[in-house]
Every structure is written in structure tokens, then in C-alpha cells.
Amino acid sequence: MGSMLARKPWARSRCFDELNSTEPEAVFRVHQAYIEAGAQIIETNTFRRQSLQARAFSGLGDEVQRLNSRGRQNRS
């Protein structure tokens with residue numbers, strides 16, 4: 001997930017967990033690409049699920065629960 005999102009120039013300097021809310025279609029497309037390639041298991045886009053890690057990105061520490069919830073919703 002992270003490698004595919006990092007290929008997007010607009011995503012490189014952003015918290016990937018934040019993309020669950022701001023770019024849900026992009027996150028969905030990554031999951032879809034893995035499924036189309038034959039993956040039978042995909043994971044949520046919740047790399048920085050800890051509030052201390054999320055705080056490093058624009059003060060997202062208070063948003064961890066919401067971002068994790070969105071990460072679960074974005075799976076196909």
C-alpha cells in the first residue's frame with residue numbers, strides 16, 4: 001500500500017492515513033489493483049495508527065480513530 005501511494009507525487013509528503021478521508025478513491029484503487037493482481041488478502045491503509053506517529057503529520061493525533069475507521073471502509 002505505502003509503496004503504491006508513494007508513487008503518487010501528490011501523496012509523497014502527506015500522511016497516508018489521512019488519504020482515507022481526503023482521497024478515498026485513490027486508496028480504493030490501490031486495493032483494487034492488488035485484488036486484480038491476484039491478492040486474496042488486503043490490509044487497511046492504517047500505517048500511522050498510533051497518535052504519536054500521526055501527530056508528526058499536521059497535528060493528526062486527534063484524528064486517529066476517525067482515520068482508522070475510514071481506512072477500514074476503503075477496502076473493497
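Residues Thr44 and Met1 fail the side-chain proximity criterion, which asks for heavy atoms closer than 4.5 Å. Residues Glu23 and Arg14 are in side-chain contact: their nearest non-hydrogen atoms beyond the backbone lie under 4.5 Å apart.
Once rounded to the nearest 0.5 Å, the distance linking CH2 of Trp10 with CG of Leu5 reads 6.5 Å. A distance of 12.0 Å separates CD in Glu36 from CZ in Arg29, rounded to the nearest 0.5 Å.
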